[in-house]
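See below for the structure under consideration.
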Amino acid sequence: GQVTYINCKSSSNGTTGFTDSGSCAYFDCESASNTSSGFSSITLGSRFVGCYSHDNTGAGFSETAANTLVSFAFCIAEANGAGGFGLTSFRGLLINCVADGNTGAGSDGFSVTTPGTCSVVLNSIFSNNGRYGAGATDGDSLSIDYCNYFGNATAARNNIPTGANDQALDPQFVDRANGDFGIGTN
């Protein structure tokens, strides 16, 4: 059933930090240094606001359910071993999020296998990731704009449409080393 998590932290587990049990809401939660994903098995109706997933062996946020309607706002996925936002069949919103420094040759900041209709990505930063800033098997159904792609190892995008207002500038984070992803001047 639906559970709401507020200001919770899950760290150093021998598995996933948080496993979604269905339509959960996460507000200002942190998942760090887990041996699998930070937030996993994300399901229909789940919402993430102000969450921070970092230094996990797997993805920061990982969804595997088909045709999942989920939303992310003001979330950060940083320094995860298997990508930032790894979504299988994404329908939903990703707004004002940061995916930075997710390592590994196959790690994208935002990746989606099968994007559904009504999928919107706005005003997000995809920087310094191990492969693409954002990648999809076929991203034609994504509405993506006002995003910044910087320093990703392979390229900014793979099968992701270019938004009219996208840019490629160094975000000059205020204090990236200490988790402050406020944008500096550029």
Side-chain angles (χ1 to χ4, degrees), residues 25-28 38-39 42 44-54 59-80 82-103 106-174 176 179-186:
Y26 301 85
F27 298 95
D28 298 316
F39 295 86
I42 298 167
L44 181 65
S46 293
R47 296 159 316 282
F48 298 83
V49 178
C51 294
Y52 182 30
S53 186
H54 60 97
F61 298 87
S62 174
E63 167 270 319
T64 56
N67 215 14
T68 300
L69 180 60
V70 63
S71 58
F72 301 91
F74 304 99
C75 292
I76 298 170
E78 181 231 350
N80 296 291
F85 297 87
L87 310 172
T88 302
S89 184
F90 177 66
R91 282 188 319 127
L93 305 170
L94 187 102
I95 300 174
N96 297 322
C97 292
V98 173
D100 181 76
N102 296 290
T103 60
S107 294
D108 297 340
F110 168 76
S111 65
V112 58
T113 305
T114 311
T117 57
C118 302
S119 298
V120 177
V121 179
L122 291 173
N123 200 39
S124 294
I125 299 171
F126 306 106
S127 55
N128 306 305
N129 294 292
R131 189 170 61 174
Y132 298 104
T137 304
D138 178 2
D140 289 344
S141 61
L142 283 172
S143 176
I144 188 165
D145 205 358
Y146 295 96
C147 293
N148 187 30
Y149 303 87
F150 179 79
N152 297 291
T154 302
R157 300 170 203 78
N158 182 43
N159 294 325
I160 296 282
T162 301
N165 301 289
D166 286 348
Q167 58 185 7
L169 299 171
D170 184 347
Q172 298 181 8
F173 296 122
V174 173
R176 177 182 180 214
D180 185 346
F181 288 88
I183 299 171
T185 57
N186 56 16

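All figures in this text were calculated on a predicted structure; none of them were measured in a lab.
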- Message: Going by side-chain hydrogen bond (donor to acceptor under 3.5 Å, both in side chains), N128 matches just one of D170, T103, D100. Which one?
- Response: D100

- Note on the structure: When every non-hydrogen atom of D145 is compared with those of N165, the smallest separation belongs to OD1-N, 2.7 Å

- Message: Could you work out, with side-chain hydrogen bond (donor to acceptor under 3.5 Å, both in side chains) as the rule, every residue matching Y26, not counting sequence neighbours?
- Response: D20

- For N152, the side-chain hydrogen bond (donor to acceptor under 3.5 Å, both in side chains) test, sequence neighbours excluded, returns N129

- Task: Could you check F72, F39, F110 and say which one makes a ring-ring contact (aromatic ring centres under 6.0 Å, His included) with F85?
- Result: F72

- Message: Give me each pair satisfying salt bridge (Lys or Arg N to Asp or Glu O under 4.0 Å) with a member in residues 119-132, each pair once, sequence neighbours excluded.
- Response: D108-R131

- Nearest heavy-atom contact between C75 and G50 is SG-N, 4.0 Å

- Message: For a quick test of reading the model, state the closest non-hydrogen atom pair linking G130 to A153 and the distance between them.
- Response: O-CB, 3.1 Å

- Query: Listed by chain and number, what are the side-chain hydrogen bond (donor to acceptor under 3.5 Å, both in side chains) partners of N158, not counting sequence neighbours?
  - Reply: none

- Message: As a quick check of understanding, evaluate side-chain contact (heavy atoms from CB on, under 4.5 Å) for V121 and I160, giving each step before the final call.
- Response: CA-CA 11 Å; V121 179; I160 296 282; over 6 Å; no

- Quick one: do F61 and V70 satisfy side-chain contact (heavy atoms from CB on, under 4.5 Å)? Show the steps, please. CA-CA 11 Å; F61 298 87; V70 63; over 6 Å; no

- All side chain to side chain contact (heavy atoms under 4.5 Å, CB included) counterparts of A25, not counting sequence neighbours: T4, F27, R47

- Item | From I144 atom CD1 to S119 atom OG, the distance as rounded to the nearest 0.5 Å | 10.5 Å

- The side-chain hydrogen bond (donor to acceptor under 3.5 Å, both in side chains) partners of N96 (sequence neighbours excluded) come to N123

- By side chain to side chain contact (heavy atoms under 4.5 Å, CB included), I76 pairs with (sequence neighbours left out) Y52, E78, V98, F181

- Could you tell me whether the side chain of S53 reaches within less than 4.5 Å of the side chain of N80, counting heavy atoms only? yes

- T162: partners by side chain to side chain contact (heavy atoms under 4.5 Å, CB included), with sequence neighbours left out: R157, D166

- Item | Heavy-atom check, side chain of N159 versus side chain of T137, under 4.5 Å | no

- Drop me the distance from C97's SG to L122's CG, to the nearest 0.5 angstrom. 10.5 Å

- Okay, side chain of N102, backbone of G109: is any donor-acceptor separation there less than 3.5 Å? no

- Item | Rounded distance (nearest 0.5 Å) linking atom SG of C51 with atom CG of D28 | 7.0 Å

- Note on the structure: Contacts satisfying ring-ring contact (aromatic ring centres under 6.0 Å, His included) that involve residues 125-157 (not counting sequence neighbours) are F126-Y149

